[in-house]
2 protein chains.
Amino acid sequence: MAVHSHPRQNLAELTARLRQRDRRITGPRQLILDVLRREEHPLTARQIHDLLDCDLATVYRSLRLLEEMAMVKRFDFGDGTARFELLGQNDDGHHHHLVCRECSTVVEIGECFSGNFENRIARQHGFANVSHRLEFFGLCPECQAA
Amino acid sequence: MAVHSHPRQNLAELTARLRQRDRRITGPRQLILDVLRREEHPLTARQIHDLLDCDLATVYRSLRLLEEMAMVKRFDFGDGTARFELLGQNDDGHHHHLVCRECSTVVEIGECFSGNFENRIARQHGFANVSHRLEFFGLCPECQAA
DNA sequence: ATCTATTTGCAAATGATTTGCAATAAGGGG
DNA sequence: CCCCTTATTGCAAATCATTTGCAAATAGAT
Ligand SMILES: [Mn+2]
Ligand SMILES: [Mn+2]
Ligand SMILES: [Zn+2]
Ligand SMILES: [Zn+2]
């Protein structure tokens, strides 16, 4: 199963989602969506900025907006820098990553542990609306050789 | 099973661990260990600093040292601020948390998903030395009522 | 008490992310 | 197509957590 719902979303489709919410379809936003659209791994704001021609602050503002609109998902690899991935139409984007501690290579992980585990924890402590954040870290094949 | 190996570690025992590694037993370090010793949930550097009388930079430096010495474990709740917990003697500190999205209440979680899951992922992608970072988020009982 | 390598306090530097504000551009109406 | 109103941008300055340079203080050994 494809981890990402990167169903070759076309820009038109994406900008339409913006329009539906009374947001303006600006140059920077299209550029950012276009960059994210062709990536399979999450990108940092700076990486996106380096591929574009617009202010870094605008990248941050746009990503925040897109995140609020559930068009983009934020990931945290614990290195103090947020990473972003584009979401598909009806995709909540819930998935995980396996990251190399040496070279930062990223592998997309679609599977997850049993939902029972999460439900049990929620019930046990009376929490509602429980979700989780999970990332794996290790040494990739290349870095093991080196 | 107790999530934390907070076996009432006494300061002497803790400072001994420092001494063993040729590190000096200074006032600030004892204070920090003493604060962590009586906490059951992870604390931020600032929280520790507020309970003490030493420079914030010293708190950061000490925590870094203690982390390198595996006496303290760092956690990341995704809010851009690291949290620290004291580790027991032979405890690698691997555990998780359930955090309230509203009031930040923390519940310690000792259980974990099956190790097979992690092994399978490691094998599938040829990664070695794979570990993970997992935290749960939800609405605590109090905040549900409110 | 003395000596020397550590460690501390303080201030300045970093790096990621946010924000104020004036200039610019998007989308609607005429 | 032009105009108007309002959202959005670029740029610089501000924030926040964390780190670092450096001289003064101090732990631990002699
Ligand atoms: Mn991904
Ligand atoms: Mn804990
Ligand atoms: Zn690698
Ligand atoms: Zn709560």
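Labels below follow one simple rule: chain letters A, B, ... track the order of the sequence lines, proteins then strands, and each chain is numbered from 1. A quick note: this is a predicted structure, and the numbers were derived from the prediction, not measured.
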S.K.: For the backbone of A:Arg23 and the side chain of A:Arg29, can you confirm whether one donor and one acceptor N or O come within less than 3.5 Å of each other?
M.R.: no
S.K.: With a 3.5 Å cut-off and no angle check, do the side chains of B:His41 and B:Glu85 form a donor-acceptor pair?
M.R.: no
S.K.: For the pair made of CD in B:Glu68 and C1' in D:dT19, what is the distance, rounded to whole Å?
M.R.: 13 Å
S.K.: Assign the ring pair A:Phe117 / B:Phe136 to parallel, tilted or perpendicular, where the plane angle (0 to 90°) is split at 30° and 60°.
M.R.: perpendicular
S.K.: To the nearest angstrom, how far is B:Ile48 atom CD1 from D:dT18 atom C1'?
M.R.: 14 Å
S.K.: Take the protein atom NE2 of B:His49 and the nucleotide atom P of C:dG9, then report the distance between them rounded to whole Å.
M.R.: 9 Å
S.K.: Please evaluate the base of D:dT6 for a donor-acceptor partner in the side chain of A:Arg24 within a cut-off of under 3.5 Å?
M.R.: yes
S.K.: So if I take every side-chain heavy atom of B:Arg61 and compare against C:dA11, C:dT7, D:dC22, which nucleotide ends up nearest?
M.R.: D:dC22
S.K.: Calculate the interatomic distance between B:Asp50 atom CG and D:dA17 atom P; express it in whole Å.
M.R.: 11 Å
S.K.: Taking the minimum atom-to-atom distance to the side chain of A:Ile25, which one of C:dG27, D:dA12, C:dT8 wins?
M.R.: C:dG27
S.K.: Taking the side chain of A:Asp55 as heavy atoms from C-beta outward, which of D:dT9, C:dG9, D:dC11 is closest to it?
M.R.: D:dC11
S.K.: When the distance from CG of B:Leu56 to C1' of C:dT8 is rounded to whole Å, what number comes out?
M.R.: 13 Å
S.K.: Mind calculating the distance between CZ (A:Phe77) and P (C:dA16) to the nearest angstrom?
M.R.: 16 Å
S.K.: Considering heavy-atom distances to DNA chain D, does B:Arg23 or B:Asp79 have its closest nucleotide positioned more toward the 5' end?
M.R.: B:Asp79
S.K.: Classify B:Arg64 by what it touches in the nucleic acid, base, sugar-phosphate, or nothing, heavy-atom distance under 4.0 Å.
M.R.: sugar-phosphate
S.K.: Whether B:Arg46 contacts D:dC16 is assessed here as follows: a side-chain N or O lying under 4.0 Å from the phosphate OP1 or OP2. Is that the case?
M.R.: no
S.K.: If you compare every side-chain N and O of B:Tyr60 against the phosphate oxygens of D:dT18 (OP1, OP2), does one of them come in below 4.0 Å?
M.R.: yes
S.K.: What's the CD-C1' distance between A:Glu67 and C:dT18, to the nearest Å?
M.R.: 14 Å
S.K.: Can you tell me how far C1' of D:dC16 sits from CZ of B:Arg83, to the nearest Å?
M.R.: 14 Å
S.K.: Should the pair B:Phe77 and B:Phe137 be assigned to parallel (<30°), tilted (30 to 60°) or perpendicular (>60°) ring geometry?
M.R.: perpendicular
S.K.: Output, in order, the C-alpha distance, side-chain angles, deciding distance and verdict of side chain to side chain contact (heavy atoms under 4.5 Å, CB included) for A:Glu108 and A:Val106.
M.R.: CA-CA 7 Å; A:Glu108 301 289 324; A:Val106 174; 3.9 Å; yes
S.K.: I want to verify a distance call: between D:dA17, D:dT8, C:dG27, whose nearest atom is closest to the A:Thr26 side chain?
M.R.: D:dT8
S.K.: Closest to the B:Thr81 side chain: C:dG9, D:dA17, C:dT17?
M.R.: D:dA17
S.K.: Take A:Gly27 and B:Ala45, find for each the nucleotide of DNA chain D with the closest heavy atom, and name the residue whose nucleotide sits nearer the 5' end.
M.R.: A:Gly27
